[in-house]
Number of protein chains: 2
Amino acid sequence: MVRDGRIRDGAGAACAVRVQRGRPELALTELSRRAGLPLTTTHRIVGELAGWGALERADDGRYRVGLRLWEVGALAPRGLGLRESAMPFLEDLYAVTKQNVQLAVLDGTEVVYLERLSGRGAVNVITRVGGRLPLHATGVGLVLLAHAGPDLQERVLAGPLRRYTPKTLCAPDELRRTLAEVRRTGVAVSDGQIELIALSVAAPVRGARGEVVAALSVVVPAETSDARAYVPVVRAAARGISRVLGAPDSR
Amino acid sequence: MVRDGRIRDGAGAACAVRVQRGRPELALTELSRRAGLPLTTTHRIVGELAGWGALERADDGRYRVGLRLWEVGALAPRGLGLRESAMPFLEDLYAVTKQNVQLAVLDGTEVVYLERLSGRGAVNVITRVGGRLPLHATGVGLVLLAHAGPDLQERVLAGPLRRYTPKTLCAPDELRRTLAEVRRTGVAVSDGQIELIALSVAAPVRGARGEVVAALSVVVPAETSDARAYVPVVRAAARGISRVLGAPDSR
DNA sequence: CCCCGGGTTTCCGCCCACCGGAAGCCGCGT
DNA sequence: ACGCGGCTTCCGGTGGGCGGAAACCCGGGG
């Protein structure tokens, strides 16, 4: 895959091309530069990928991620599969609260957001479907970490813990106490730990064998005084999804 | 890619492995068989893909589509990008109708479903996020076909037109008239053409330069007597999305 | 206990498909 | 006309992927 420190093939190149914010189309030269591959090589690889549909050409000749790739991604059980089961409950939760409703799973040492329903009036937060954030600073992250294996917990607590706001919990012992609290109460409250304007209430979603497979949260404005009032509805929605996942769904 | 009729590489193998209905995890041997590749080769390729996160191993050692792949797919502008812009309008439409709400785009000679909000009470139809259906039999398909280039229209009308139900329109001239009607009225109504129990009302979503980039539909039970009543709301939602896409969204 | 069989993993030498330099093409601005 | 930056085509040398062989792992049955 990687040889003498240089990236040599398609998969590696894909790795190297980091997420594009803003205009999501890239020219060939740009791709070549970012991937660190010769222009000719990039041209060939990109051509093959486009032939298969993994990339598409925009009207101006630039390349963008293709619909085929989206389609294949849609087959991921932990992606759209989970989302599919959870959706009715997310809709209900959104209908009741009219706030941001988020569904996320654990991957490596981060959370990946699977879904986000955000009403017009809700707080505008940085999370994005398909986006990643660290475990220690988000409501869903704390829930997932609290129920993860001790090895992962230690790895996260040992690693560098980025401080997003003055309220971000970064001290390992403080985090340990919080995690114990999350396990005890079954919910996590992250108040301004990622963005000062937002507060999230999160609860675990469990799979068929009772293991935590995802986390659900509602994000409300930080100044909400009765944030605890959201705990029952979030918990109920999470339970609802867990029940659906538990039933092996005859189809 | 393909040499002397045999599939030789990862991309080709991925092509060959068709969508799994039911259990979405496959054993190594199964993959090898489906891809038509030697066991050893499959083992190596799958190992690399898993190392990168494109595949994941389930608890029992089987392989499934990984979260990384889902994540990359989420970057497709015509996938989640479009969906992101459309979501608030889909939610509104769902809130008003409490029926299935669908968003789809054109790819090749088929429609690909990007999103589907389905309430508990709504008709249970076969469409699935990430799924494909032919153009001639669905409401969204008729809308997309009606506004596509004449070359594509001819190709579709010439090709075999599968009959899903007795009501499916398969005669080319009849379809041509329908398409003209869709262009004139700006909406398509597909009554029991894909499943007898369902009727859908669809409208076009336009991009920044007025070109049709997607289609939106509401699916109601076939026995609904006042199906035409849904036309204004669907049209309004489609217009709303078009307006958002037209504004180049300063961010 | 040992053996058997199906699935999985490791090892390694041969060969061909991928790499990437060179050259040609296209379209724009001067 | 000419230069230039970006894209595409061509093709020969070679190193990385291919896949046969063999080892490994594990549950079941004699």
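Labels below follow one simple rule: chain letters A, B, ... track the order of the sequence lines, proteins then strands, and each chain is numbered from 1.
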Participant: Step through the shown structure and confirm whether more than 12 heavy atoms of other residues, nucleotides or ligands are within 6.0 Å of CZ on R183(B).
Facilitator: yes
Participant: Give a yes or no on whether R132(B) atom CZ has more than 12 heavy-atom contacts from other residues, nucleotides or ligands under 6.0 Å away.
Facilitator: yes
Participant: Taking protein heavy atoms under 4.0 Å as touching, what does nucleotides 24-29 of chain C look like 5' to 3' if B marks base contact, S marks sugar-phosphate-only contact and - marks none?
Facilitator: ------
Participant: Please give, in whole Å, the distance from dC18(C) P to L49(A) CG?
Facilitator: 12 Å
Participant: Do L106(B) and L145(B) come within less than 4.5 Å of each other through their side chains, counting heavy atoms only?
Facilitator: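 Side-chain contact under 4.5 Å: no.
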Participant: For N124(A), look at atom CG and say whether over 12 heavy atoms of other residues, nucleotides or ligands are found less than 6.0 Å away.
Facilitator: no
Participant: Once side chain to side chain contact (heavy atoms under 4.5 Å, CB included) is applied, do any residues pair with F89(B), and if so which ones, sequence neighbours excluded?
Facilitator: I241(B), V244(B)
Participant: Do the side chain of S32(A) and the main chain of L28(A) share a donor and acceptor less than 3.5 angstrom apart?
Facilitator: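 Checking the backbone N and O of L28(A) against the side chain of S32(A), no donor-acceptor pair under 3.5 Å is found.
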Participant: Tabulated below should be each protein N or O lying under 3.5 Å from an N or O of nucleotides 5-12 of chain D; please produce it.
Facilitator:
residue, atom, partner, partner atom, Å
dC7(D), OP2, T29(A), N, 3.0
dC7(D), OP2, T29(A), OG1, 2.2
dT8(D), OP1, R57(A), NH1, 3.2
dT8(D), OP2, H43(A), NE2, 3.4

Participant: What is the distance, to the nearest angstrom, from the CG atom on L37(B) to the C1' atom on dG17(D)?
Facilitator: 12 Å
Participant: How close or far is atom P of dT9(C) from atom CD1 of I45(B), stated in whole angstroms?
Facilitator: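 Taking atom P of dT9(C) as the reference, CD1 of I45(B) is at 15 Å.
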Participant: To check you understand the geometry: which heavy-atom pair defines the closest contact between L114(A) and V129(A), and what is its length?
Facilitator: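 That would be O-CG1, 3.5 Å.
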Participant: Counting neighbours of CZ on R235(B) that are heavy atoms of other residues, nucleotides or ligands and sit closer than 6.0 Å, is the number greater than 12?
Facilitator: yes
